[in-house]
Amino acid sequence: MKRMTLGFIVAGSLFLISVIWLRMVYLLPFKSTISIFGGPGTYPFIVLCIMTGGSFIVTAGELLKILRGASEGPQAKKNDFLRVGALFAASVGYVAVIEFAGYFLSTVLLLFFALLLFGERNKAVLAGASIAFPAMIYALFKMLLDIQLP
């Protein structure tokens, strides 16, 4: 029996998550502003389309490798499925609490959890990446693009 690789699990999960998020963006009240001319829904829509397409291509490639028996990556274990499930649950929780906790706090917590989940134990890296990445994104949107984040 052919076993799934970790690459297939991660790419397939990313594809499913991006499809769900793409649907969520489409259902937002400002969906009429998704246009090539810009609007609040344009950026998330474009990013999620790229993410969905890219993850689909990688997933299909990984699946073809598995079917041909040419998969060279590490084999998926039960623990890997649990990690992906936990990250998916954390992403759903992130979407649920971002309105109440705000962009910065909820993103810091999500990144911290994701880094811990995938094995990062260095406290400086955990704190630095969890705080620096949302701060850079906030600065980019607020100062450069003049777009308000939740």
Side-chain angles (χ1 to χ4, degrees), residues 1-99 103 106-138 140-141 144-145 147 149-150:
M1 180 177 165
K2 298 179 182 187
R3 298 192 67 201
M4 289 189 272
T5 63
L6 189 56
F8 176 76
I9 300 296
V10 171
S13 300
L14 187 59
F15 173 71
L16 291 175
I17 290 170
S18 64
V19 166
I20 291 168
W21 284 352
L22 189 60
R23 179 70 177 150
M24 290 171 68
V25 166
Y26 183 75
L27 293 174
L28 289 173
F30 54 78
K31 69 181 174 192
S32 62
T33 62
I34 297 172
S35 71
I36 58 171
F37 301 112
T42 303
Y43 178 75
F45 184 75
I46 290 171
V47 168
L48 286 169
C49 284
I50 293 169
M51 187 170 134
T52 303
S55 60
F56 176 78
I57 291 169
V58 173
T59 303
E62 290 292 326
L63 183 60
L64 286 174
K65 285 181 190 176
I66 292 169
L67 294 175
R68 288 187 204 139
S71 58
E72 301 164 0
Q75 298 298 310
K77 301 176 192 133
K78 183 179 181 182
N79 191 17
D80 297 328
F81 290 104
L82 295 174
R83 285 181 183 176
V84 170
L87 187 57
F88 180 77
S91 297
V92 170
Y94 173 79
V95 171
V97 301
I98 194 168
E99 285 296 320
Y103 162 78
S106 55
T107 305
V108 166
L109 293 174
L110 177 69
L111 288 175
F112 188 83
F113 177 73
L115 288 169
L116 273 177
L117 191 63
F118 287 99
E120 183 59 55
R121 296 296 180 254
N122 185 330
K123 291 176 184 173
V125 171
L126 284 169
S130 295
I131 293 169
F133 182 73
M136 289 186 303
I137 297 297
Y138 184 81
L140 171 73
F141 276 84
L144 190 62
L145 299 174
I147 296 174
L149 293 171

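Values below: all heavy atoms of this structure, side chains included; hydrogens, waters and symmetry mates excluded.
Taking both residues in full, the closest heavy atoms of L115 and A129 are given as CD1-CB, 3.8 Å, listed atom of the first, atom of the second, then distance. Across S18 and L48, no two heavy atoms sit closer than the pair O-CD2, 4.2 Å. In terms of heavy atoms, V58 sits closest to A11 at CG1-CB, 3.6 Å. Shown here for A86 and F113, the closest heavy-atom pair between the two residues is O-CE2, 3.8 Å. A pairwise comparison of heavy atoms in A114 and L87 identifies CB-CD1, 3.8 Å as the closest pair.
Rounded to the nearest 0.5 angstrom, F133 CZ and L110 CG are separated by 10.5 Å. Here the OG atom belonging to S55 is positioned 4.5 Å from the CG atom belonging to L14, to the nearest 0.5 angstrom.
Y94 and T107 share a donor-acceptor pair across their side chains, judged by distance under 3.5 Å alone.
In this structure, R121 and L126 have side chains that are not in contact, with every pair of non-hydrogen atoms separated by 4.5 Å or more. Taking 4.5 Å as the limit, some side-chain heavy atom of F88 sits within range of a side-chain heavy atom of I20. Between P134 and Y103, some side-chain heavy-atom pair lies under the 4.5 Å cut-off.
Panel note: side chain S106, backbone I98; no donor-acceptor pair is recorded below 3.5 Å. Distance alone, capped at 3.5 Å, places no donor-acceptor pair between the T52 side chain and the C49 backbone.
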